[in-house]
Amino acid sequence: MSKGVTAKSEDYGRWYTDVITKAQLADYGPVKGTMVIRPYGFSLWESVKSAFDNRFKATGHVNAYFPLFIPKSFLSKEAEHVAGFAKECAVVTHHRLMANPDGDGLVVDPESALEEEVVVRPTSETVIWAMYKKWIQSYRDLPLLINQWVNVVRWEMRTRLFLRTTEFLWQEGHTAHATAEEAEEEAKKILEIYREVAEDVMAIPVFTGLKTDAEKFAGAEHTYCIEAMMSDCRALQAGTSHNLGQNFAKAFDVTFQTEDNREEHVYATSWGVSTRLIGAIAMVHGDDKGLRLPPRIAPHQVVVVPIGKNAEDVNSVLEYLTGTLEAVKAEGIRCYVDDRDGVTPGFKFNEWEMKGVPVRLEVGSRDMEQNVVTLVRRDSGEKVSVPKDKLGEEILRLLDEIQKSLYNQAKTFRDEHTLTVESYDEFKSIIEEKSGFVKCGWDGDPKTEAAIQEETKATIRCIPFEQQVDDLSCVYSGKPAKYQVVFGKAY
RNA sequence: CGGGGUGUGGCGCAGCCCGGUAGCGCACCUGCUUUGGGAGCAGGGGGUCGUAGGUUCAAAUCCUAUCACCCCGACCA
């Protein structure tokens with residue numbers, strides 16, 4: 001393994017892959033497009049997951065598990081939904097292998113063809129709604145607020161670690177409601193959770209808004225999204241929340257009896273965030289030394305590197321810290337001692353910087369003489385000496401500051417690269433130079449959207465909730481703008 | 001699916017044009033010296049060169065086929 005990572009400025013794509021693999025977040029799996037999430041990366045995912053899960057539970061949602069396999073026929077029940085996913089479904093056609101009669105290895109036993117082929121879930125709306133049909137009879141059964149944390153498979157042509165893999169992990173919530181208003185409220189409530197976790201926990205500033213019809217989920221009435229800017233100025237859809245209206249209820253004939261004894265189709269939402277967010281964390285905060293993790297999700301918030309000539313020295317450092325580290329941990333700080341033998345401190349510094357640990361704690365003889373320890377911030381590289389007995393409070397303060405600083409850096413970057421334009425020429429030059437998002441007027445016509453995409457590859461990332469369209473005209477057609485939208489090139 | 005490229009110890013590569021039985025860097029193992037920014041020296045282990053055929057006295061090298069992966073384009077969380 002070579003030492004550093006490819007510089008961001010030299011080759012962004014390679015930089016990203018280098019960071020992901022060298023920080024040991026993930027590795028390539030043996031099947032094309034698959035990914036192994038390594039323990040360090042999985043720990044990150046667990047932090048992200050629990051931030052969401054706690055909030056889902058606090059708002060009345062419960063977790064469950066629905067099967068991986070879906071009857072092929074289910075997928076075709078909702079017309080738009082089929083169109084959206086048919087092209088990327090893995091299909092199980094047989095259930096048995098046999099020794100190859102003509103040679104080595106195994107072949108599919110042709111005798112074992114399935115009566116009805118099954119699809120590996122690309123998303124679970126269809127199985128879930130088939131079950132909801134059984135479970136929902138009365139308004140008393142509503143709302144039904146279920147979430148699941150599972151893997152899904154979408155057979156993608158081009159894949160990238162975390163951002164787009166054939167199989168990925170996510171959370172998918174599926175809710176059923178008695179009224180359209182309630183479903184709408186739910187979709188927005190979830191979007192707010194997504195925004196909060198993205199910004200407050202992962203330190204990733206996001207635009208929130210509505211997807212255009214072209215970009216919305218197949219089968220949804222409308223889709224809300226959080227949209228983030230990566231450090232190469234490209235857009236990443238970081239989470240979506242769909243108001244499905246009665247589309248799936250109608251497709252699966254899910255009705256309920258209202259309080260006044262009418263029969264009505266239920267109203268639905270679905271919403272998801274995926275391991276893609278781990279890629280976003282790397283791309284939003286990382287630098288040429290590797291990851292920079294926001295303290296709230298960092299597997300280790302502090303790593304201790306003892307400095308010494310031999311094992312004896314290291315032991316005396318650890319002894320020096322006895323009590324102190326316990327106090328730090330008692331503050332709820334995730335602290336890891338790197339007491340590996342035979343690896344130089346310099347090597348450890350670089351390794352933990354690659355892994356993005358927010359604070360490094362160095363202790364050597366110089367510190368011990370003065371009864372201090374040395375703290376180094378990963379975000380700024382700043383080094384400070386602090387008295388041993390103030391360590392806990394100082395770390396807490398630093399972690400808090402790093403969390404804010406990472407958010408602010410990302411926000412400043414995003415804002416500096418989000419330009420409001422009026423002319424299509426300006427629009428094109430910004431998009432072509434890949435220098436950011438463009439905010440501009442749009443006449444609301446899908447043809448305009450398609451024409452712009454055709455020419456520039458930029459898409460409408462979202463229609464922000466806050467709208468000011470007075471006197472605004474469409475950047476492309478010149479007609480009065482229906483919305484002010486955010487354009488960008490997307491991952 | 002269209003265009004381009006690559007398959008050689010764990011990783012990154014050289015060797016191929018001009019056949020002669022495999023080498024370099026990193027990583028790994030052992031020992032000694034080291035340790036506040038990726039340590040040094042010495043010794044050592046590991047590859048039938050993607051796969052299958054063919055040509056040849058001889059194939060990593062030439063020919064044919066095949067598979068896999070990567071990059072660029074059309075689709076996508």
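Just so you know, these numbers come straight off a predicted model, no measurement behind them. In what follows, chains carry the letters A, B, and so on, assigned in the order in which the sequence lines appear, proteins first and then strands, with residues in each chain numbered from 1.
Contacts of A:Thr17 with the nucleic acid, taken as non-hydrogen atoms under 4.0 Å apart, are absent. Heavy atoms of A:Leu163 sit under 4.0 angstrom from at least one base atom. Within the nucleic acid shown, A:Thr240 has no heavy atom closer than 4.0 Å to any nucleic acid atom. Base contact: A:Asp367 has a heavy atom under 4.0 Å from a base atom. A:Gln237 comes within contact range of the sugar-phosphate backbone alone, with a heavy-atom separation under 4.0 Å but no base atom that close. The residue A:Thr275 sits apart from the nucleic acid: no heavy atom pair falls under 4.0 Å. Here A:Phe168 lies in heavy-atom contact (under 4.0 Å) with a base.
Across B:rC75, B:rG36, B:rG73, the shortest atom-to-atom separation from the side chain of A:Glu156 is found for B:rC75. When distances run from any side-chain atom of A:Arg154 to the nucleotides B:rA77, B:rG37, B:rG38, the shortest one goes to B:rA77. Out of B:rG37, B:rA77, B:rG36, the shortest distance to the side chain of A:Arg276 is found at B:rA77. Comparing atom distances between the A:Pro345 side chain and each of B:rG36, B:rA77, B:rG38 picks out B:rG36 as nearest. Comparing B:rG37, B:rA77, B:rA39 by their nearest atom to the side chain of A:Glu353 picks out B:rG37. Here B:rG37 is the nucleotide among B:rA77, B:rG37, B:rC72 with the atom lying nearest to any side-chain atom of A:Phe349. The side chain of A:Arg158 has B:rA74 as its nearest neighbour among B:rA74, B:rG37, B:rG36. Residue A:Thr165 places its side chain closer to B:rA77 than to any other of B:rG38, B:rA77, B:rG37. Listed candidates were B:rA77, B:rG38, B:rC72. Nearest to the side chain of A:Glu351 is B:rG38.
Among the candidates A:Glu221, A:Glu125, A:His174, the single residue satisfying the side-chain contact (heavy atoms from CB on, under 4.5 Å) test with A:Leu244 is A:Glu125. For the salt bridge (charged side-chain N to carboxylate O under 4.0 Å, His left out) with A:Glu353, the qualifying choice from A:Arg360, A:Lys348, A:Arg292 is A:Arg360, the only one to do so.
Spacing of P atoms, B:rG44 relative to B:rC62, comes out at 34 Å, to the nearest Å. With both ends at atom C1', the span from B:rG19 to B:rG25 equals 27 Å, rounded to whole Å. Across the C1' atoms, B:rG3 and B:rA77 are found 28 Å apart, a figure rounded to whole Å. For the C1' atoms, the distance linking B:rG50 with B:rG7 amounts to 6 Å, nearest Å. Spacing of P atoms, B:rA68 relative to B:rU56, comes out at 31 Å, to the nearest Å. Rounded to whole Å, the separation between the P atoms of B:rA74 and B:rA60 comes to 42 Å.
Atom pair A:Asn350:CG and B:rA27:P shows a separation of 13 Å (rounding to whole Å applied). The distance from atom NZ of A:Lys355 to atom P of B:rG37 is 21 Å, rounded to the nearest whole Å. Summarising the geometry, the separation between CD on A:Glu88 and P on B:rA77 is reported as 7 Å, rounded to the nearest angstrom. If you measure from atom CZ of A:Phe347 to atom P of B:rG38, you get 11 Å, rounded to the nearest angstrom. Following rounding to the nearest Å, A:Asn310 (CG) and B:rA39 (P) show an atom-to-atom distance of 17 Å. The separation between A:Arg340 atom CZ and B:rG38 atom P is 15 Å, rounded to whole Å. In this structure, the NE2 atom of A:His81 is 12 Å from the P atom of B:rA77, given to the nearest Å. Summarising the geometry, the separation between CZ on A:Arg14 and C1' on B:rC72 is reported as 16 Å, rounded to the nearest angstrom.
Partner assigned to B:rA65 is B:rU51, using Watson-Crick or G-U wobble distances below 3.5 angstrom. Nucleotide B:rC18: unpaired (no Watson-Crick or G-U wobble partner with both distances less than 3.5 Å). B:rG10: Watson-Crick or G-U partner is B:rC26, with both key distances under 3.5 Å.
The aromatic rings of A:Phe437 and A:Phe207 sit tilted, their planes meeting at an angle between 30° and 60°. Aromatic ring pairs are classed by plane angle as parallel below 30°, tilted from 30° to 60° and perpendicular above 60°; the pair A:Trp271 and A:Tyr194 is perpendicular.
Within 6.0 Å of the CH2 atom in A:Trp155, the count of heavy atoms belonging to other residues, nucleotides or ligands does not exceed 12.
Mapping A:Lys457 and A:Arg160 onto RNA chain B via the closest heavy atom, the residue that lands nearer the 5' end is A:Arg160. When each of A:Val5 and A:Gly239 is assigned the nucleotide of RNA chain B with its nearest heavy atom, A:Val5 is the one assigned upstream, toward the 5' end.
For A:Arg276 and A:Phe168, the positive end is not near the middle of the six-membered ring at less than 6.0 Å and at most 45° from its axis.
The existence of a salt bridge linking A:Arg378 and A:Asp287 is confirmed by a sub-4.0 Å separation between a basic side-chain nitrogen and an acidic carboxylate oxygen.
Residues A:Trp129 and A:Asn247 are not in side-chain contact: their nearest non-hydrogen atoms beyond the backbone lie 4.5 Å or more apart.
Side chain A:Arg360 to base B:rG36: no donor-acceptor pair is found below 3.5 Å.
When the side-chain nitrogen and oxygen atoms of A:Thr344 are compared with OP1 and OP2 of B:rA39, one or more of them lie within a distance under 4.0 Å.
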